[in-house]
Amino acid sequence: MNTELRQEQERLDSVMETITEQISKLEDETAQLRKEVVDIRKHFWDDVKVNIDTFDDYLETIISLRQQAQVLSISQSTHRQAFKRLSALRRMQEVPYFGRIDFTEEGTSAAERIYIGISTLTDESGEKFLIYDWRAPVSSVYYDYPPGPAEYATPGGVISGMLEKKWQYIIRGGIIKLMFDTSLTIGDEILQQVLGKGTDKHMHSIVATIQREQNRIIRHDRGRLLIVQGAAGSGKTSAALQRIAYLLYKYRDRLKADQIILFSPNSMFNSYVSNVLPELGEENMQQVTFQEYLDHRLSNEFQGEGPYEQLEYVLTAADDPSCRTRTASIRFKASIRFFETIKTYRESLELSGMLFKDIIFRGKPIVTAKQIAERFYSSDTSLRFHNRLEKLTDWLNKQLDEAEKHERTKPWVQEEIELLSNEDYHKAYTHLRKKRGFKGELFDDYEIERNALGRMIVRQKLKPLRKRIRTLRFIDIKGIYKQFFADPKRIKLWMEGETPEEWEDICLSTVKMLDEGKLFYEDATPFLFLKELIKGFQTNVSIKHVIVDEAQDYSPFQFEFLKRLFPSARMTVLGDFNQAIFAHASETVDFHTLTGLYGPDETDAITLTRSYRSTRQIVEFTRGLVPGGERITAFERDGERPVLTQLSDHAELHRCIVSKVADLRNRRYNTIAIICKSAAESTAAYDALSGVEEIKLVKSGSIEYEQGVVVIPAYLAKGIEFDAVIIYDASAQVYGDENLRRLFYTACTRAMHHLQLYSVGEPSPFLCNVAPGSLLLSMN
């Protein structure tokens, strides 16, 4: 062992000792704190004197309760912080640090050695830093600079200096396995080791291998919107999750994990990335799919179609005569033009077109829809729209007050009183005594009793109607949305320019779906947007940061909606337009349309062109599948060339796949994906391959990312990577339409180490443009 390595090992031994000591101390501390919390909870009421006889006694009780709750809250918070620190130290026992920079600050003569790991570590005094957190300002030098002049930003200003050396370490079990001085941004040796490993069921944090361009994403801190366009496998999602960890670290005094929301492509993806933030010592942010949000808001009103149902229709219904209409509908309803048209339509409702529902009680209208509309349009039209609705609700409540008086004397009320059980009678009596000041055990006067009970019964029965008025459910939103499509010619009132050729058919199909109580996926956001414009936006101001992954799957309309939904939030959107597989994507061939969300001054864009997921051979093949693919560069990790095998029929295909899966298993690949075009093709493939041991079929409702051998539609595989990928049928018959080019590219770019394509008959024309020699042809 050379002298430098021995000295580094001695330092590591000392650091490990410090970590062990701090763990031991914190274990005792957390155990004691946990005991305190349990004791306070157990004896919470012992120390609170409850007395409400007089106002002073009541006030004393409230103060006592508040003090005891405060003591409990402080104890719980202290225990939580101690436990979080203990978890970080335990992780540091495995890998205390992974890098070191020797940095000479301007104005000083000696270089300071700065060791970088997943968390900060100081000596016992708390004054000397043994390890710096990878998110600390000085740590950015490690990611951003080769040896030479360097600088980093701090809250107090920019610190300049000279990066003398940069070291990298591989530490396992308290032993330095490898250390080397590197002049590269991040040494390819470590990155090779990380990328060469097999996958498992979770994405993992890779802070030791963050590249300079990824570090720009992680530490970006300007404007309202950051757009990241990245090639498949460029580390977009990983950088986004590490960005969350960085923001939670930098703004820890004012930003919590539950104030960040990640919109992910599907529930399986949520499971896949669930490990990253906990590995970095942070709580997971909120995760939701856009569809889950829509279901939450609309499931009581419609039987809604999901995005994958929409996509499945487009992929499998090419021969359906209505497919062209549907595709045109999807594209138009996704556009900013349609967004602006819906806004104009809502504005037109100030003068005419509002539809209401009858307010019905016991089968008879108290106020008819026509009367409500007349009242709305006869009131002061100079008032703002929502003020007019407020006045309308006040008027409706007065109508209910009048109805309540009339109903009290009706026979049904007396019948209800007669049917009261003794228990209900006593409940009513107790309630009235509290509300009306009745005294004694029974009512003193029969008439007073009957009137009081009648009033109470009518009021209770009218409660649902009052709630309906308060929540504006007397507005017929469905009718108003349907009215938009009822006469195709009327769109000219709200929109300039040409409508799609298929507009009349679009209107007919939309109205038909609405009449059946159903909603196309492309109508869900416009319908909800119109509803919000009429009733008032249900904004969420507590969310401070929104991350949108697979952003190419979102329409401009949906982005405009998200902006209004989270008015206090900054937004990070990540995507790859080469993987834009939804029908609306042709409306937006890149992310330029998003600059209009917050304006160019509040928007930054970062492009990642280097792909780390796949071997060089796989990247050289896949970049030939899409226009502009030549800009994608491969990380220098060698492997086998992708293989195309042409077959005569499906029976032969299934025999080959069974044999190939056995071969890949023997080669110790953990995750093997048989990727199909659609769910329909996936189901057929799964049924034909059911003889393969432990094979699993992944559906759109799948919750957890599975290891082993899976059959999966290409659109569900997005955002996930596999050791080996088998393209089920890459034939011209399956992938012949130009609209499927991006789907095919998406499927092929899921492979990390091995890519096998099968074709039943003539191969897809997309393979004609790949680089010569990048695809190995194999005849079965």
Point to revise | Chi angles and distances behind the side-chain hydrogen bond (donor to acceptor under 3.5 Å, both in side chains) call for Q617, D638 | key: CA-CA 7 Å; Q617 287 78 4; D638 273 328; 3.1 Å; yes

What distance separates [X] [atom1] from [Y] [atom2], expressed to the nearest 0.5 Å?
X    : Y    : atom1 : atom2 : answer
L248 : R135 : CG    : CZ    : 7.5 Å
M752 : R613 : CE    : CZ    : 8.5 Å
F557 : S335 : CZ    : OG    : 8.5 Å
D604 : T572 : CG    : OG1   : 10.5 Å
H220 : I227 : NE2   : CD1   : 10.0 Å
T622 : L775 : OG1   : CG    : 11.5 Å

I'd like to know if the side chain of [X] and the backbone of [Y] have a donor-acceptor N/O pair within less than 3.5 Å.
X    : Y    : answer
R750 : T746 : yes
K333 : E522 : no
S238 : G235 : no
S659 : R655 : no
D737 : L740 : no
T749 : A232 : no
E620 : A634 : no
R742 : F577 : yes
T671 : D723 : yes
E292 : V288 : no

Check your understanding: Are the ring centres of F98 and Y169 closer than 6.0 Å?
Key -> no

Review point. Are Y728 and Y758 near enough that their ring centres are under 6.0 Å apart?
Key: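 Here the rings of Y758 and Y728 have centres that are no less than 6.0 Å from each other.
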
Exercise for review: Using the side chain to side chain donor-acceptor pair (under 3.5 Å) rule, pick out the option among E312, E550, K677, Q579 that qualifies with Y715.
Suggested key: E312

Exercise for review: Show your reasoning for whether salt bridge (Lys or Arg N to Asp or Glu O under 4.0 Å) applies to R616 and E640.
Suggested key: CA-CA 9 Å; R616 176 175 56 81; E640 307 160 339; over 6 Å; no

Review point. Does the side chain to side chain contact (heavy atoms under 4.5 Å, CB included) test come out yes or no for L625 and C748, once each step is laid out?
Key: CA-CA 9 Å; L625 297 174; C748 293; 4.1 Å; yes

Close side-chain approach of [X] and [Y], heavy atoms under 4.5 Å:
X    : Y    : value
L757 : T645 : no
R100 : Y142 : no
R91  : I118 : yes
L226 : I217 : yes
L653 : C656 : no
V725 : Q756 : no
R570 : L225 : no
S140 : R219 : yes

Check your understanding: Which is it for S774 and R641 under the side-chain hydrogen bond (donor to acceptor under 3.5 Å, both in side chains) test, yes or no, and what are the steps along the way?
Key -> CA-CA 6 Å; S774 66; R641 280 187 293 168; over 6 Å; no

Exercise for review: For side-chain hydrogen bond (donor to acceptor under 3.5 Å, both in side chains), just list the numbers for H753 and T615, CA-CA rounded to whole Å, side-chain angles, deciding distance to a tenth of an Å, and then say yes or no.
Suggested key: CA-CA 6 Å; H753 310 297; T615 60; over 6 Å; no

Distance-minimising heavy-atom pair for [X] and [Y]:
X    : Y    : answer
S322 : Y313 : OG-OH, 3.1 Å
I675 : A714 : CG2-CA, 3.7 Å
P713 : S678 : CB-C, 3.8 Å
H754 : I618 : N-CD1, 3.8 Å
S759 : D729 : CA-OD1, 3.7 Å
I727 : A747 : CD1-CB, 3.7 Å

Exercise for review: Start with the C-alpha distance between D553 and K718, add both sets of side-chain angles, then the distance that settles salt bridge (Lys or Arg N to Asp or Glu O under 4.0 Å), and finish with yes or no.
Suggested key: CA-CA 11 Å; D553 294 348; K718 276 200 316 149; 2.4 Å; yes

Check your understanding: Do the ring planes of Y143 and W134 sit parallel (below 30°), tilted (30 to 60°) or perpendicular (above 60°)?
Key ->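 Geometry flag for W134 against Y143: perpendicular rings.
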
Review point. F263 vs Y554 aromatic rings, parallel, tilted or perpendicular, using cut-offs 30° and 60°?
Key: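 Taking Y554 first and then F263, their aromatic rings stand perpendicular (interplane angle over 60°).
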
Is it the case that over 12 heavy atoms from other parts of the model lie below 6.0 angstrom from the [atom1] atom of [X]?
X    : atom1 : result
E738 : CD    : yes
E762 : CD    : no
R324 : CZ    : no

**Study point:** Test side chain to side chain contact (heavy atoms under 4.5 Å, CB included) applied to Y308 and Q291, step by step
**Key:** CA-CA 10 Å; Y308 296 125; Q291 179 60 30; over 6 Å; no

Practice item. Walk me through it: do I674 and V710 pass the test side chain to side chain contact (heavy atoms under 4.5 Å, CB included)? Key: CA-CA 6 Å; I674 300 161; V710 297; over 6 Å; no

Point to revise | Worked check of side chain to side chain contact (heavy atoms under 4.5 Å, CB included) between Q733 and V760 | key: CA-CA 9 Å; Q733 187 176 354; V760 179; over 6 Å; no

Point to revise | Stepwise side-chain hydrogen bond (donor to acceptor under 3.5 Å, both in side chains) check, T237 with D549 | key: CA-CA 7 Å; T237 301; D549 203 4; 2.8 Å; yes

Exercise for review: State plainly whether the residues K236 and E213 are in salt-bridge range, i.e. N to O under 4.0 Å.
Suggested key: no

